[in-house]
Structure formats: structure tokens, C-alpha cells
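FYI, side chains are in, hydrogens and waters are out, and symmetry mates aren't considered; it's all heavy atoms of this structure. This structure is a prediction, so every number in the text was calculated from the model and none was measured. Along the sequence shown, the residues carry numbers beginning at 1.
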Amino acid sequence: MSEHESGKTQENRKKGRERKLTTVLLIAAVAVMVFALARLIPIIMDYRNSEDAYMDLAGDIVDAGTDEEETEAEEETDWSDVVIDFSSLKEINSDVVGWIRFDDTTALPIDYPILHGETDNTYLRTNLYGESHTAGSIFLESANSPDFSDLYNIIYGHNMRNNTMFGSLKQYKRDEDFYDENPFFTIYTEEGAYRYQIFTYEEIKDDSSFYSVGYAADDAYQDLIDEIVAGSMRDTGITPTAGDRIVMLSTCTSTGDDYRFVVFGVFTDQVTY
């Protein structure tokens with residue numbers, strides 16, 4: 001065999017090895033992609049199922065007093081006109097204790113029932129229907145009274161990437177103007193509708209004293225309020241007093257696993273049924 005033919009043979013072998021390596025790498029890449037999709041698809045479906053379940057529920061349970069022909073801007077109904085069908089909700093789950101709703105459900109799609117379980121894990125990954133879902137439910141701190149009679153109440157919700165549950169709350173820290181346009185939320189119960197004005201939002205550690213409940217209208221409660229206001233990401237000019245009822249909305253944050261993003265509202269008005 002000539003030197004030329006020998007070199008050509010070696011070159012062909014080299015190209016053959018390169019093709020085999022390329023094929024192996026391609027197969028490996030496809031396998032990784034298939035594995036990733038196999039893990040991702042159930043998560044996407046879980047998100048979709050959770051979202052659809054609660055969207056359908058809001059349509060059936062909430063009467064916002066709007067007409068289908070009204071414009072999107074007109075759909076921001078007066079909070080006191082909203083009616084929640086608690087009879088139907090209780091038939092689905094007797095642990096329903098309320099409903100939380102922001103005025104502009106387009107900007108802040110928080111329009112959900114509030115559950116109250118035996119522990120804080122009861123509805124962490126379980127929806128209204130008792131089904132296992134990543135999004136879980138919006139739920140009231142188990143140590144709080146289910147009738148919202150406590151001075152200080154905590155409501156939890158997951159920070160979902162698709163902005164469902166409490167996922168849209170992060171807009172308060174991302175957009176300085178968002179608070180000006182969305183300063184209120186309302187909690188509805190069978191007894192009445194309770195209006196809250198947001199006075200603080202901030203990030204805290206998950207072992208913060210803010211997660212303690214059972215306060216009375218005393219100096220200890222005022223000290224807590226002052227500490228809450230001092231850590232706010234924005235000065236709203238509002239400082240509640242020890243006689244005020246407060247609700248803290250708590251969700252996860254991208255800052256870290258041991259941090260939470262919290263939004264505080266102080267009671268301002270109510271409608272009794």
C-alpha cells in the first residue's frame with residue numbers, strides 16, 4: 001500500500017470515528033431532552049389543571065355585578081357589590097372560611113377561596129377539591145381564628161411562575177407605580193366583606209417574628225407593627241395602631257428558600273350581611 005493510500009485510510013477511519021462520536025452525542029442530547037420533557041410535561045399539566053380549576057370556580061362562585069358587554073376598564077367593580085356564593089363553596093369543602101379578591105383582577109389575578117386546615121400543611125399542596133396539586137390553595141394560618149376575628153391574621157399562597165395564586169404579588173416590588181394603582185384588597189366571608197389597605201410590603205426570613213399570631217391590642221402588638229413598617233420597601237405614609245386589624249399575605253420569593261415576600265393590609269371598611 002502506498003503512503004498516499006495509507007494516509008487516506010487513516011483519514012477515513014478518523015472521519016468514521018468522528019461520525020460515531022457525533023451520533024453518540026446526538027443520541028445523548030435527544031435522551032436528555034426526552035428526560036427533561038418527561039419531567040416538565042407533568043409540571044406544566046399540573047400548573048394548567050390548577051389554574052383551570054380555580055378559573056372555572058371564580059366564574060361560578062363570584063358575582064361581580066358586571067355585564068359581559070362592559071369594557072375591561074369597567075370590570076373593576078366596586079368591592080362592596082361583589083357577592084360570593086358561600087353555600088356552593090361549603091358544599092365543595094367545609095374548610096372554606098373566606099374569599100380574597102383584588103379590585104383589578106386583570107392586573108392582580110388574585111380571586112380565590114381561603115381555606116383553613118388543621119395544620120399549615122393541610123392545603124399547602126392540596127386544592128379546594130382535595131386533589132394533590134403543586135399550587136395548593138390559598139389558606140389562613142391554622143393558629144388563626146377561622147372567622148378572621150383576630151387582630152393579626154396570616155394568609156399563605158404559593159408564588160407560582162404563571163402568576164396564579166400569590167404569584168402576582170411580586171409586581172409590588174418590581175414596579176414602583178404598581179402600589180399606587182392597586183392599594184386595596186378585600187376579604188369576603190359569610191358574615192361580611194372586609195376592606196384592607198396595603199401599608200407595607202417587604203422580604204423577610206421564614207423564621208421571622210412576623211409569623212407569630214395571637215396578639216392583643218397592647219404595646220407588644222404596636223412594637224410588631226412598628227417593626228413591620230420600618231422594614232417596608234416603600235413608605236406609604238400609613239402606620240396602623242395597636243387597635244387595628246391586620247392581614248399579612250405571605251408567599252415565596254426568588255431571593256432564597258429561607259426568604260418570603262409579604263404584603264400587609266390594614267382594615268379600613270366593611271359591609272355586614
Name the orientation class of the two ring planes belonging to Phe264 and Phe199 (parallel below 30°, tilted from 30 to 60°, perpendicular beyond 60°).
->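 Phe264 and Phe199: tilted rings.
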In terms of ring plane angle, is the pair Tyr54 and Tyr112 parallel, tilted or perpendicular, where the classes change at 30° and 60°?
->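 Tyr54 vs Tyr112 ring planes: perpendicular.
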Gap between atom [atom2] of [Y] and atom [atom1] of [X] - 0.5 Å precision:
X: Tyr129; Y: Ile92; atom1: OH; atom2: CD1; value: 4.5 Å
X: Asp111; Y: Phe102; atom1: CG; atom2: CZ; value: 11.0 Å
X: Trp99; Y: Asp85; atom1: CH2; atom2: CG; value: 9.5 Å
X: Ile204; Y: Ser209; atom1: CD1; atom2: OG; value: 8.0 Å
X: Ser142; Y: Glu118; atom1: OG; atom2: CD; value: 9.5 Å
X: Ser149; Y: Glu191; atom1: OG; atom2: CD; value: 10.5 Å

For the pair Asn93 and Tyr123, evaluate side-chain contact (heavy atoms from CB on, under 4.5 Å) and give the outcome as yes or no after the intermediate values.
-> CA-CA 12 Å; Asn93 192 323; Tyr123 290 103; 3.1 Å; yes
State whether a side-chain donor-acceptor pair under 3.5 Å links Thr119 with Asn121.
->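 There is no such pair (donor and acceptor under 3.5 Å, judged by atom type) between the side chains of Thr119 and Asn121.
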Heavy-atom pair with the smallest gap, counting every atom of [X] and [Y]:
X: Leu169; Y: Ile110; value: CD2-CD1, 3.7 Å
X: Thr236; Y: Ile198; value: CG2-O, 4.4 Å
X: Gly243; Y: Ala217; value: CA-CB, 4.3 Å
X: Ala64; Y: Arg101; value: CB-NH2, 3.8 Å
X: Tyr221; Y: Ala242; value: CD2-O, 3.1 Å
X: Tyr172; Y: Asn182; value: OH-O, 2.6 Å

Check for me, please, whether [X] and [Y] land in the same ILVMFWY cluster - side-chain distances under 4.5 Å, paths through other members count.
X: Val83; Y: Val97; result: no
X: Phe267; Y: Val229; result: yes
X: Ile138; Y: Phe184; result: no

Hey, does [Y] have a side-chain heavy atom less than 4.5 Å from the side chain of [X]?
X: Arg245; Y: Asp150; result: no
X: Asp226; Y: Thr239; result: yes
X: Ile246; Y: Pro240; result: yes
X: Thr186; Y: Val82; result: no
X: Glu181; Y: Asp104; result: no
X: Phe210; Y: Glu202; result: yes
X: Val96; Y: Leu115; result: yes
X: Phe185; Y: Leu249; result: yes

Has Asp207 got more than 12 heavy atoms of other residues, nucleotides or ligands less than 6.0 Å from its CG?
-> yes
Start with the C-alpha distance between Gln171 and Asp175, add both sets of side-chain angles, then the distance that settles side chain to side chain donor-acceptor pair (under 3.5 Å), and finish with yes or no.
-> CA-CA 6 Å; Gln171 295 179 87; Asp175 182 354; over 6 Å; no
Axial cation check for Tyr179 ring with Arg234, 6.0 Å and 45° limits = no
Starting from the C-alpha separation in whole Å, work towards a yes-or-no answer on side chain to side chain donor-acceptor pair (under 3.5 Å) for Lys173 and Thr253.
-> CA-CA 11 Å; Lys173 62 178 179 178; Thr253 177; 2.7 Å; yes
Can Thr255 and Glu203 be said to form a side chain to side chain donor-acceptor pair (under 3.5 Å), step by step?
-> CA-CA 8 Å; Thr255 300; Glu203 290 189 340; 2.7 Å; yes
Checking Thr200 side chain against Ser232 main chain: does a donor-acceptor pair fall under 3.5 Å?
->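 Here the side-chain-to-backbone pair does not exist.
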Start with the C-alpha distance between Tyr194 and Val247, add both sets of side-chain angles, then the distance that settles side-chain contact (heavy atoms from CB on, under 4.5 Å), and finish with yes or no.
-> CA-CA 11 Å; Tyr194 306 101; Val247 167; over 6 Å; no
Apply side chain to side chain donor-acceptor pair (under 3.5 Å) to the pair Asp147 and Ser145, showing each step before the final yes or no.
-> CA-CA 5 Å; Asp147 62 0; Ser145 176; 2.5 Å; yes
Looking at Asn159, Ile155, Val263, which hits side-chain contact (heavy atoms from CB on, under 4.5 Å) with Phe166?
-> Ile155
Out of Asp244, Asn144, Ile228, which residue meets the side-chain contact (heavy atoms from CB on, under 4.5 Å) rule with Tyr152?
->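 Considering Asp244, Asn144, Ile228, a side-chain contact (heavy atoms from CB on, under 4.5 Å) with Tyr152 is found only for Ile228.
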Check the pair Leu89, Ile84 against side-chain contact (heavy atoms from CB on, under 4.5 Å), reporting the backbone distance first and the verdict last.
-> CA-CA 9 Å; Leu89 279 173; Ile84 308 296; 3.8 Å; yes
Worked verdict on Arg125 versus Thr134 for side-chain contact (heavy atoms from CB on, under 4.5 Å) = CA-CA 5 Å; Arg125 298 296 181 186; Thr134 300; 3.4 Å; yes
Here the side chain to side chain donor-acceptor pair (under 3.5 Å) pairs for residues 257-266, sequence neighbours left out, are none
